[in-house]
Amino acid sequence: MSDDIKYGLAGVVTDDTAISKVMPETNSLTYRGYPVQDLATQADFEETAYLIWNGDLPTAPQLADFKTQEKAERGLSADLLAVIAKYNRDAHPMDTVRTSVSFLGQEDPETEDSSPEGLYTKSIRMLAKIPEMVAADYRHRKGLAPIGPDASLGFSENFFHMCFGEVPAPAVIKCFDISMTLYAEHSFNASTFAARVIASTTSDIYSAVTGAIGALKGPLHGGANEAVMHMLKEVGEPANAREWMLTALKEKRKIMGFGHRVYRSGDSRVPTMTDAFKAMVDIIDTPEAHKYWEMSRILDDTMVEAKGIYPNLDFPAGPAYYL
Ligand code: COA
């Protein structure tokens, strides 16, 4: 290896960000100065989105206005719904959402408006439309007709409504909302970096987000939460968990949901998401749900004991989403 080449961009600083701060020394993450744990438990996702885009938390009228704007941008075109209806039912959901965002970019007459106001409007547009893209595709793969948005529902409630035709208990909505806040921002992770490379060519924001979704799909990045669930299924039973982990480490397998490029002694988002995962286990309250909880505790303890590598956000988020 040449000393002149920064493999994997290790040690390369390309820009600064005012939006979030990752502090590995203290295992903390702030959005615009607010600790992410406080936002996840005390704010809802719309407030977090407003904070990230505007620099401070909204007043009550500002939040109401933001929610009205998001609701006004909901709804997919008949053309996009027809495209989703043609997707391969076995296609990976990240492939379909990437294609849907790209489609939105070619049908939006304002795609080329990269003024700050134009970018803000299109960001709200994507915030409002992407959940419906995911939900319509989810239903399509099950052979079900799409369900349109409901303007009486907030962001997270509306997502469940469009996926399942019903809104679950507020405690379930809260767990999902917590995950949305914890995933909302992480300074220069791989997908943000991909988006910024594209944006820096003065391409449009849909192209940047389409590229970012491609980067996010990878199991070494956002795809890890799905991979964690495949791992838990492979382990099968809590009684197998310790041995499974020790064997996998001996075989030099990469264990999904562990390790982090920046955090070396734990991911600040994990305790909050682990509480949300446990809340889901208790709400669902089936032997299967408790089994995944017990297995995850053993895998976590064994990995930390054997390697000193800690879980990242994807480790509790994968099974929480599954439940
Ligand atoms: N399972 C097993 N070993 C791991 C590991 C994991 N999840 N994460 C790191 N390691 C090992 C590496 O193999 C390396 O060992 P070596 O020195 O014997 O080669 C050592 O720990 C140092 O890790 P390093 O490769 O420097 O980490 P990185 O910064 O390059 O990679 C990740 C970070 C996130 C890509 C990596 O931890 C990983 O692939 N994790 C699994 C996927 C995942 O959960 N991604 C979501 C991230 S939020």
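Whatever order the structure lists them in is the order used to number ligands and atoms, beginning at 1.
Side-chain atoms of Val304 and Ile309, non-hydrogen and from C-beta on, never get closer than 4.5 Å to each other.
Aromatic rings of Phe45 and Phe176 (six-membered ring for Trp) have centroids beyond the 6.0 Å cut-off, not under it.
At the shortest separation from atom 48 (S) of ligand 1 among protein heavy atoms lies His260 CD2, 3.6 Å. Of all protein heavy atoms, the one closest to atom 21 (O) of ligand 1 is Ile309 CD1, 3.6 Å. At the top of the distance list for atom 13 (O) of ligand 1, counting protein heavy atoms only, stands Lys254 CE, 4.0 Å. Looking from atom 33 (C) of ligand 1 to the surrounding protein, the closest heavy atom is Arg261 N, 3.8 Å. Counting only heavy atoms of the protein, atom 41 (C) of ligand 1 lies nearest to Phe258 O, 3.4 Å.
Here Asp204 pairs with Ser207 under the side-chain hydrogen bond (donor to acceptor under 3.5 Å, both in side chains) rule; sequence neighbours left out.
In this structure, atom 2 (C) of ligand 1 has protein heavy atoms in its sub-4.0 angstrom surroundings. Within the 4.0 angstrom cut-off, atom 18 (O) of ligand 1 has no protein heavy-atom neighbours. Contact annotation for atom 39 (O) of ligand 1: protein present (non-hydrogen atoms, distance under 4.0 Å). Proximity of atom 27 (O) of ligand 1 to the protein is indicated by at least one non-hydrogen atom lying closer than 4.0 angstrom.
Judged by a 6.0 Å distance limit and a 45° cone about the ring axis, Arg242 is not positioned over the six-membered ring of Trp244.
With hydrogens and angles disregarded, no donor-acceptor distance shorter than 3.5 Å links the side chain of Arg74 to the backbone of Lys129. Judged by distance alone, the side chain of Asn158 and the main-chain N or O of Asp150 form a donor-acceptor pair under 3.5 Å. Looking only at distances, no side-chain donor or acceptor of Thr192 sits under 3.5 Å from a matching main-chain atom of Phe188. Without hydrogens or angle criteria, Lys291 side chain to Gly236 main chain gives a donor-acceptor distance under 3.5 Å. Side chain of His140 to main chain of Tyr87: a donor-acceptor pair is present (N/O by atom type, distance under 3.5 Å, no hydrogens or angles).
The contact set between ligand 1 and Arg264, taken as ligand atoms under 4.0 Å from a residue heavy atom, comprises 26 (O), 27 (O), 29 (O). Each of the atoms 42 (C), 44 (O) of ligand 1 lies under 4.0 Å from some heavy atom of Met256.
In Pro219, the part holding a heavy atom less than 4.0 Å from any atom of ligand 1 is the backbone. By the criterion of a heavy-atom distance under 4.0 Å, neither the backbone nor the side chain of Lys252 is placed next to ligand 1. Residue contacts with ligand 1 for Lys307 are absent, since no atom lies close enough (heavy atoms, distance under 4.0 Å). Contacts of Asp267 with ligand 1, taken as heavy-atom pairs under 4.0 Å, are absent altogether. By the criterion of a heavy-atom distance under 4.0 Å, neither the backbone nor the side chain of Arg269 is placed next to ligand 1.
If you check the side chains of Asp314 and Tyr321, you find no donor sitting under 3.5 Å from an acceptor. Using a 3.5 Å distance cut-off with no hydrogens or angles, the side chains of His186 and Ser20 do not pair a donor with an acceptor. Between the side chains of Asp285 and His290, at least one donor N or O lies within less than 3.5 Å of an accepting N or O. With 3.5 Å as the limit, one finds no donor-acceptor pair spanning the side chains of His161 and Glu157.
Nearest to atom 43 (C) of ligand 1 by heavy atom, out of Gly218, Ala224, Ala10, is Ala224. For the residues Asn312, Leu313, Ile255, the heavy atom positioned nearest atom 7 (N) of ligand 1 is part of Ile255.
An N or O contact shorter than 3.5 Å links Gly257 to ligand 1 by distance. Checked by distance only, ligand 1 and Leu249 stay at 3.5 Å or farther apart across all their nitrogen or oxygen atoms. Every N/O-N/O distance between Asp314 and ligand 1 stays at or above 3.5 Å. Remark: ligand 1 and Leu220 share an N or O pair separated by less than 3.5 Å (distance only, no angle test).
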